[in-house]
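Below is one structure; the comments refer to it alone.
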2 protein chains.
Amino acid sequence: MMFKPKDQAVKDLDPQATDALLDQTAEKFFTVNGQTARQLMPFPHQPFRTPAQPWEQYDHMSVRVRLDQIEATEEAKQLLEAHTNSFGCGTAEDTSFTEALRWFALGGYDFQGMYEAVGMFKLGNGGMTALASRILDDYQGDILFNSSVQEIHQDQERFSISFKNRPPIQAKHAVWTIPLNCLSDITFSPPLDPARLQAISKGHTNTGAKIHFSLPTTEKGWFANTPDATQSDYLMSFSDSNPSVKGEAQGTNCIAFSYSGKLQDPGANEAIISSFKALRPDAEVQAYLTHSWATDEFAKGTRCCGGPGVTTRYLRALQKPHGRVAMASGDWADGWRGFVDGAVERGPLAARWVIQSQSV
Amino acid sequence: MMFKPKDQAVKDLDPQATDALLDQTAEKFFTVNGQTARQLMPFPHQPFRTPAQPWEQYDHMSVRVRLDQIEATEEAKQLLEAHTNSFGCGTAEDTSFTEALRWFALGGYDFQGMYEAVGMFKLGNGGMTALASRILDDYQGDILFNSSVQEIHQDQERFSISFKNRPPIQAKHAVWTIPLNCLSDITFSPPLDPARLQAISKGHTNTGAKIHFSLPTTEKGWFANTPDATQSDYLMSFSDSNPSVKGEAQGTNCIAFSYSGKLQDPGANEAIISSFKALRPDAEVQAYLTHSWATDEFAKGTRCCGGPGVTTRYLRALQKPHGRVAMASGDWADGWRGFVDGAVERGPLAARWVIQSQSV
């Protein structure tokens with residue numbers, strides 16, 4: 001287990017002792033005014049369940065503010081920070097305490113469960129591609145690809161969606177899965193409500209990148225991270241698989257996540273490879289594979305994770321339908337916000353809303 | 001928090017200290033030969049995932065055998081035993097170590113998460129009755145109630161289901177949700193495979209009862225349990241709700257679970273009420289409500305929980321289709337066996353199997 005403290009070189013830490021220290025720090029960090037994480041957020045999938053849960057009153061805090069409140073060594077705090085930074089690919093200042101609490105709660109109130117949920121369990125038999133194909137196989141309607149929505153207009157008489165590159169279409173309802181950071185590209189007429197407009201203009205700050213690296217030697221499982229966004233473009237990296245279980249081929253596939261804003265040009269080979277050495281100074285990189293979601297016009301960022309105050313201020317507004325448009329992006333899911341699971345949460349709610357609206 | 005050790009009176013224990021001791025004992029209990037619960041059973045929803053997971057080699061052990069292997073005080077062991085006894089409403093001899101491990105793993109590898117999963121989260125807005133009504137609303141086919149299946153016959157030419165009290169019906173396929181303990185009432189022609197027949201003849205041993213008690217005074221939340229199946233009919237009881245949150249009505253509703261075989265006659269008022277005092281000597285009982293699932297011809301028991309060796313020996317056999325019959329009971333679910341969630345797991349698998357069989 002490798003760890004790079006701020007302004008220091010990478011250290012090789014004992015995994016068991018480090019995990020124990022992380023758990024101990026997490027317990028202090030997530031227990032506020034005598035209330036444990038379970039008491040602060042007993043229902044992470046139902047943030048606004050009544051009566052109001054205690055987490056709301058701490059939503060204004062950043063992870064940094066909370067770290068400064070607890071008694072722990074600087075090393076212990078930095079260890080925790082390295083993990084919570086990964087939630088939004090940002091720094092402790094950028095990440096709200098309650099977003100960190102939500103990930104922790106969703107993982108069963110411990111880091112091990114959280115990492116199992118976000119990293120260990122994957123879709124088998126074809127993964128995301130197979131899931132997309134299955135959905136497409138099931139779907140009976142018409143399909144338009146590569147058609148950017150430009151405006152959505154609705155009044156008593158008509159409801160129409162116009163595009164940059166093709167004629168408009170009329171619809172009774174729309175189910176919208178456009179990510180938060182792309183909503184500002186679309187004109188709504190009548191306009192969206194002020195709270196939602198504000199949320200859209202702020203956007204979310206996660207423009208971190210996921211990069212697959214191929215290393216020439218066959219390595220045992222490892223994990224490396226750092227809270228040092230100044231000296232390291234990458235917040236975390238870990239070995240994912242070896243190319244051959246039979247030992248015929250050599251090498252290690254690993255995955256790295258960058259801090260937001262660090263991957264500007266996915267083709268900047270030398271910079272991308274040499275930066276990786278901030279976390280793994282000894283590594284030789286054969287190849288890498290990435291996609292710049294931050295500049296992709298249909299994404300403009302990666303998984304949504306809120307800064308201080310964002311959840312209490314905007315989540316409810318983002319979830320509401322806008323006229324005949326159901327807003328169904330995983331970026332404003334209750335539970336696994338910014339994950340496919342969050343989209344799976346919002347989709348059926350949108351479908352039910354459309355069905356109910358049509359039967360009125 | 002009340003606890004009745006074996007052959008002793010009920011004690012009032014400090015909840016925090018008792019929970020801490022339980023967690024500590026659980027860690028010892030579920031770590032076998034240096035492998036933690038997570039390592040023994042990393043995928044509680046996929047017991048037979050390949051490569052084989054370590055839990056299989058311990059399936060022959062009962063909870064008693066494992067308790068005898070660990071170093072802990074007698075009180076600590078009895079505390080743990082009181083909790084694991086509730087999984088199958090049986091004693092430590094009746095419950096397999098791996099069934100206890102499965103509940104623990106499904107709850108996120110801790111008791112608190114496990115109790116949240118099995119006790120805290122409930123279906124809102126009408127509960128099980130509303131769920132049943134919704135399913136019925138969705139269903140488009142014919143319905144027969146109060147018709148006990150007597151025989152299921154299939155050969156190359158025909159597939160028919162005969163009943164005790166009405167003419168037989170023909171079908172292309174059947175999806176079977178009959179509980180394990182009722183399968184022996186039905187004749188299969190051709191007969192079921194030997195492994196499944198053996199599983200059916202053994203049945204499962206959970207004939208515990210759930211009894212709702214109404215107490216006259218408004219009590220704060222409490223929990224009581226005991227591993228002493230000799231002196232107490234009830235293994236566990238806890239306060240569930242107060243009749244009025246506004247304080248206009250007095251009283252407490254609580255739920256008790258009995259050890260298997262203890263509730264023979266649900267109308268035996270005096271015995272049922274006086275037995276409750278083994279766990280709550282101070283309690284005055286106003287009324288109770290129960291149903292004898294153990295003698296109900298369509299249930300013959302409560303939630304399925306296996307004894308030593310049962311999972312490795314019979315689970316795979318029970319899950320297989322029998323000719324054109326999909327076997328879809330929650331009693332042989334992979335994950336939440338014996339729960340509605342287990343039925344929700346098996347149902348879609350059965351439906352998919354029928355669809356695929358018909359398209360061949």
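Residue numbers start from 1 in every chain, and the chains themselves are labelled A, B, ... in the order their sequence lines are given, proteins ahead of strands.
Looking at Asn242(B) and Thr252(B), their side chains do bring a donor and an acceptor atom within 3.5 Å of each other.
Both tests pass for Arg316(B) against the ring of Phe48(B): distance under 6.0 Å to the centre and angle within 45° of the axis. With Phe257(B) as the aromatic partner, Arg303(B) meets the cation-pi criteria of under 6.0 angstrom to the ring centre and within 45 degrees of the ring axis.
For Gln112(B), the parts lying under 4.5 angstrom from a heavy atom of chain A are both the backbone and the side chain.
Considering every non-hydrogen atom in both Asp110(A) and Phe104(A), the closest pair reads CA-CE1, 3.5 Å.
Contacts with chain A (heavy atom to heavy atom, under 4.5 Å) involve no residue of residues 126-141 of chain B.
Counting heavy-atom neighbours within 6.0 Å of Gln46(B) CD, excluding the residue itself, gives a total above 12.
Between Phe97(B) and Phe29(B), the distance from one ring center to the other falls under 6.0 angstrom.
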